[in-house]
2 protein chains.
Amino acid sequence: MSLRYALLALLSVEPMTGYDLYKEFESSVGHVWHAPDSQIYPELRRMEKDGLLEGEEVVWGQRGKKRQYHITEAGTAAFRDWMNGTLEYSRVRDPAHLKAAYLEWAEPEAAREQMRAHIRHHTAQLEQWREKVREIEQGTSPMLTRRLATLPASEHSKTTAFKKFTYQGLIARAEQEIAWAQQGLALIDELYPAG
Amino acid sequence: MSLRYALLALLSVEPMTGYDLYKEFESSVGHVWHAPDSQIYPELRRMEKDGLLEGEEVVWGQRGKKRQYHITEAGTAAFRDWMNGTLEYSRVRDPAHLKAAYLEWAEPEAAREQMRAHIRHHTAQLEQWREKVREIEQGTSPMLTRRLATLPASEHSKTTAFKKFTYQGLIARAEQEIAWAQQGLALIDELYPAG
DNA sequence: GAACACTAACTATGGACATAGTTAGTTGGA
DNA sequence: TCCAACTAACTATGTCCATAGTTAGTGTTC
């Protein structure tokens, strides 16, 4: 259900095609929410059917065309309602922690490699999120810049602050995961003193 | 795919029925991995077809019967292979952070309530995981006790250490989430000084 | 003007997961 | 003895999501 609101969030800035949205999910917004194009196109059609969006054929070159969607009033209202409601949290389901609980089954070196992979994964994410925070602070985030251009100056600080707050939370989480995996490496060394 | 390995992890202790496994997912192991029974029963049949398990009819009362599954050698090998391999990490998809990024759309009080819900959710998890660590330390975890009984004494410390390590990681994560949401509450107060 | 990368949109398949049922037997207490 | 709660297992539906294609037009470059 969240994909729908991620799409509404983007379309609240400006009209976009499915392909535009797909590219956003591959880059900028993709660092908070990801979706493949095979999920985006049908969802856009469903949203149009539900009255949240309106699509319009736009010419592209000589013979080409593309479908550009813009958010409707009902779409804006639905997004606002989602924001004013409370999220339901789903049950834990984390493969990395499931695996960690049974690492005694792995060879010591495989266990270490799993911890290193955990560190690599979260380090890569960390760098992307830190870059995002830098962009927000320096006003060089293209999407945020376009968003701010649609809003009165009085809204700018809030809009910016929540984006930065979000990325900082993700950064803190990644740092915690890295610290945990480092403790894991230390634990493995302790449990398998030979090597 | 992880459900399969969560089931193998449990069945490596002793034979169980689908219902036994379902109950484990509702309580003990459910604090690391959750699955509904409607997912467990078909997965067990698929695993039997793949030769990882063998099911056997067991009488239950006068007319009742139940199907008890035990892990095969191929099942043990598959679990060990999974443990020795490296996990693939999936892309970010976190509704709470997606929502946090656009909290300027919410009423201040709704934004606060979202942060409070985040704190409530992670506090509840925290308590369950802390209780798990206590059980592990005091040797009162039923599942772990039964597992240790199947293993030579030399394996006990490793088996226990990785379970504790896992829960400690989940605890640290939950604590981080709570701290983040508290920063969120402070930020909302700052951005909406009136109320 | 052919090749190539990109834009644009869609389809097909299968697994994962949530939610909501159904059917039938067992066990223990009022 | 009956009822409620529990044990046991299964089905059905729909969404979500990953993976892997397909088709067709555009724009640039060698």
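The figures that follow rest on heavy atoms only: side chains count, while hydrogens, waters and symmetry mates do not. Protein chains get the first letters and strands the later ones, always in sequence-line order, with residue 1 at the start of each.
Taking atom CD of residue A:Glu57 and atom P of nucleotide D:dG25, one finds them 14 Å apart after rounding to whole Å. What separates CG of B:Asp20 from P of D:dA8 is a distance of 6 Å, to the nearest Å. Residue A:Glu88 contributes atom CD, which lies 14 Å from atom C1' of C:dC17 at whole-angstrom precision. One interatomic measurement links the two molecules: CD of B:Glu26 to P of C:dC17, which rounds to 15 Å at whole-angstrom precision. Nucleotide C:dA16 holds its P atom 14 Å from the CG atom of A:Leu98, rounded to whole Å. The separation between A:Lys65 atom NZ and D:dT26 atom C1' is 16 Å, rounded to whole Å. Atoms CZ (A:Arg4) and P (D:dG14) sit 16 Å apart, rounded to a whole Å. Counting to the nearest Å, the P atom of D:dT7 and the CE atom of B:Met16 are 15 Å from each other.
Contact between the side-chain N/O atoms of B:Arg67 and the OP1/OP2 oxygens of D:dA9 is not found at any separation under 4.0 Å. Dashed line: the shortest gap from a side-chain N or O of A:Thr17 to OP1 or OP2 of C:dA9 is under 4.0 Å. Phosphate contact (OP1/OP2 of D:dA9, side-chain N/O of B:Tyr19, threshold under 4.0 Å): absent. Dashed line: the shortest gap from a side-chain N or O of A:Arg63 to OP1 or OP2 of C:dA8 is not under 4.0 Å.
Using a 30° and 60° split on the angle between ring planes, B:Phe79 and B:Tyr5 fall in the parallel class, below 30°. Classified by interplanar angle (parallel below 30°, tilted 30° to 60°, perpendicular above 60°), the ring pair A:His97/A:Trp180 is parallel.
A salt bridge links B:Glu131 to B:Arg134: at least one charged side-chain nitrogen sits closer than 4.0 Å to a carboxylate oxygen. Between B:Lys66 and B:Asp20 there is no salt bridge, since no side-chain nitrogen of the basic residue lies less than 4.0 Å from a carboxylate oxygen of the acidic one.
Taking the six-membered ring for Trp, B:Tyr22 and B:Phe25 have ring centres at least 6.0 Å apart.
Comparing B:Ser90 and A:Gln62 by the nucleotide of DNA chain D that holds the closest heavy atom to each, the one mapping nearer the 5' end is B:Ser90.
Judged as a side-chain hydrogen bond (donor to acceptor under 3.5 Å, both in side chains), and not counting sequence neighbours, A:Arg45 has no contacts.
Of the options A:Arg147, A:Arg146, A:His70, A:Gln68, a side chain to side chain donor-acceptor pair (under 3.5 Å) to A:Glu14 is made by A:Arg146 and by none of the others.
Contacts with DNA chain C (heavy atom under 4.0 Å) in residues 31-47 of chain B: B:Pro36, B:Ser38, B:Gln39, B:Arg46, listed by number.
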